[in-house]
Novice: 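Can you read through this structure? Questions will come right after.
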2 protein chains.
Amino acid sequence: MPRPMRADAKRNYDKILATARIVFTERGTDSSLDEIAKRAGVGPGTLYRHFPTREALVDALMQDWTDRVSADADAAIATGQPAREMLLGWFEHFIDHITLHRGAASKICAAMDDPASPMYRKCRVMGEANGRVIDHLDAGGQLRPGVDAANVMRLVSGVASVADTSHADLDVRPMLEVVVDGIVRG
Amino acid sequence: MPRPMRADAKRNYDKILATARIVFTERGTDSSLDEIAKRAGVGPGTLYRHFPTREALVDALMQDWTDRVSADADAAIATGQPAREMLLGWFEHFIDHITLHRGAASKICAAMDDPASPMYRKCRVMGEANGRVIDHLDAGGQLRPGVDAANVMRLVSGVASVADTSHADLDVRPMLEVVVDGIVRG
DNA sequence: ACCTGAACACCGTTCAAGT
DNA sequence: ACCTGAACACCGTTCAAGT
């Protein structure tokens with residue numbers, strides 16, 4: 001049970017988070033933390049107190065995502081579509097979410113296999129969502145033998161990262177089709 | 001025809017490059033440029049004169065890679081292996097090369113589709129090497145219809161980027177197998 | 001033509017002083 | 001307990017002075 005925050009602390013915490021969401025949307029997750037503090041109207045020390053690392057700040061913003069990503073996974077399963085369509089839809093939704101802020105995808109790639117990262121837990125939640133989709137299709141015998149959910153997650157996150165990093169805004173669909181063909185039973 | 005460099009300029013240029021290779025190998029391509037200048041025994045302005053951006057410096061170091069990557073592609077084709085083995089070997093060699101310095105893979109992902117990047121030309125050379133392997137297999141009817149070499153390049157670079165970014169040193173093999181299965185004719 | 005190194009701007013991080 | 005803002009360290013970039 002975390003004890004409740006003092007009123008002014010809670011106010012600053014929320015203000016920083018709201019500002020970070022705006023700034024990260026505008027200029028990506030590598031924006032100046034100083035600017036976020038300034039625009040939130042707090043001292044740099046206050047931001048640092050609440051979020052000791054940039055990853056901690058990104059992590060706090062990811063809360064919404066993980067919820068939606070989880071919901072998307074279950075929604076995909078519920079459609080009952082054939083494997084190819086289900087996976088393509090799920091992957092595209094997943095990528096849409098984790099590329100909401102520029103630079104986030106590659107941070108997720110890094111955090112995914114790093115238990116020391118503040119973002120690790122949320123990466124696991126998303127990994128479990130993906131695991132449900134993969135398991136569902138695997139149980140239906142629709143996948144190649146030996147497909148590993150964790151590797152699928154890494155691959156799709158990699159695609160997201162490439163699309164996110166790319167200067168041109170390229171279509172992820174063709175890449176996802178290759179991945180899907182590599183997963184579903186031929 | 002670029003006019004020859006003055007002797008002292010050439011000496012500094014080479015010294016900076018040699019030092020950068022060492023530092024990038026030790027700490028990756030996001031190391032401090034200041035440190036490179038110091039260890040090379042030149043002023044920061046000298047480094048900046050020869051390499052106006054970090055990408056220009058990485059680009060200069062990539063020369064060796066593109067040569068080897070090109071050679072590897074032709075060597076892979078020459079083996080005459082079946083599609084799966086040939087692609088796996090080629091991809092692994094390619095990844096080994098572009099992850100030689102940490103952070104290089106993601107820079108390559110970014111430069112690949114950005115003609116304004118100093119690294120663009122060398123990315124194209126590597127893309128052409130990959131194109132030769134893909135074309136060779138496609139001509140032999142070993143690939144799925146509609147496989148696009150540029151997308152394969154992006155995917156494999158993405159895998160490299162994920163492996164490079166990852167805190168754990170994970171095996172790229174399982175991911176590459178998925179990609180290969182998505183490319184070769186079922 | 002090229003090099004040097006001081007100077008500048010920017011940014012993350014710390015911490016003493018204040019409430 | 002929390003905030004502020006000055007101070008610090010670090011780094012990329014510029015440029016005047018020198019050869």
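Numbers restart at 1 for each chain; the letters A, B, ... are given by sequence-line order, proteins then strands.
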Novice: Between C/dT4 atom C1' and B/Asp8 atom CG, what is the distance in whole Å?
Specialist: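 Spelled out: CG on B/Asp8 to C1' on C/dT4 is 12 Å.
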
Novice: Can you tell me if A/Asn12 touches the phosphate of D/dC2, counting only side-chain N or O atoms and a distance under 4.0 Å to OP1 or OP2?
Specialist: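 Checking D/dC2 against A/Asn12, no side-chain N or O comes under 4.0 Å of OP1 or OP2.
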
Novice: Can you find a side chain N or O atom of A/Tyr48 that sits less than 4.0 Å from OP1 or OP2 on C/dT14?
Specialist: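 So the side-chain polar atoms of A/Tyr48 do come within 4.0 Å of the phosphate oxygens OP1 or OP2 of C/dT14, strictly under.
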
Novice: Do A/Val58 and A/Val125 sit in the same hydrophobic cluster, where Ile, Leu, Val, Met, Phe, Trp and Tyr count as joined when their side-chain heavy atoms come under 4.5 Å apart?
Specialist: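 They do not share one cluster, since no chain of ILVMFWY contacts under 4.5 Å joins A/Val58 to A/Val125.
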
Novice: Does a side-chain N or O from B/Ser32 land closer than 4.0 Å to OP1 or OP2 of D/dG12, or not?
Specialist: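 Yes, within the criterion.
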
Novice: With pairs taken as Watson-Crick or G-U wobble and both distances under 3.5 angstrom, which stems of at least three consecutive pairs involve DNA chain D?
Specialist: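 Stems for DNA chain D, defined as runs of 3 or more consecutive pairs: C:4-8 with D:12-16, C:12-16 with D:4-8.
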
Novice: Look at the rings of B/His50 and B/Tyr13 and say which category their plane angle falls in: under 30° parallel, 30 to 60° tilted, over 60° perpendicular.
Specialist: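 Because their plane-to-plane angle is over 60°, the rings of B/His50 and B/Tyr13 count as perpendicular.
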
Novice: Verify side-chain hydrogen bond (donor to acceptor under 3.5 Å, both in side chains) between B/Ser117 and B/Glu55, making sure each step is shown before the conclusion.
Specialist: CA-CA 8 Å; B/Ser117 164; B/Glu55 288 210 322; 3.0 Å; yes

Novice: Checking side chain to side chain contact (heavy atoms under 4.5 Å, CB included) against B/Arg39, which of B/Asp34, B/Val23, B/Ile16 comes through?
Specialist: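 That would be B/Val23; it is the only one of B/Asp34, B/Val23, B/Ile16 passing the side chain to side chain contact (heavy atoms under 4.5 Å, CB included) with B/Arg39.
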
Novice: Does a nitrogen or oxygen in the side chain of A/His50 sit under 4.0 Å from OP1 or OP2 of D/dC2?
Specialist: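 No, A/His50 has no side-chain N/O under 4.0 Å of OP1/OP2 on D/dC2.
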
Novice: Using the rule side chain to side chain contact (heavy atoms under 4.5 Å, CB included), only one of A/Val133, A/Val180, A/Leu87, A/Val147 pairs with A/Val152; which is it?
Specialist: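 By the side chain to side chain contact (heavy atoms under 4.5 Å, CB included) criterion, A/Val152 pairs with just one of A/Val133, A/Val180, A/Leu87, A/Val147: A/Val147.
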
Novice: Can you check the B/Leu47 CG to D/dC15 P distance for me, whole Å?
Specialist: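 So the CG-P distance, B/Leu47 to D/dC15, works out to 17 Å.
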
Novice: I'd like to know if A/Asp96 and A/Arg68 make a salt bridge, using a cut-off of under 4.0 Å between side-chain N and carboxylate O.
Specialist: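 Judged by the 4.0 Å cut-off on N to carboxylate O distance, A/Asp96 and A/Arg68 do not form a salt bridge.
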
Novice: Considering just the side-chain nitrogens and oxygens of B/Arg49, establish if one lies under 4.0 Å of OP1 or OP2 belonging to C/dC2.
Specialist: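 For C/dC2, OP1/OP2 do have a side-chain N/O of B/Arg49 under 4.0 Å.
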
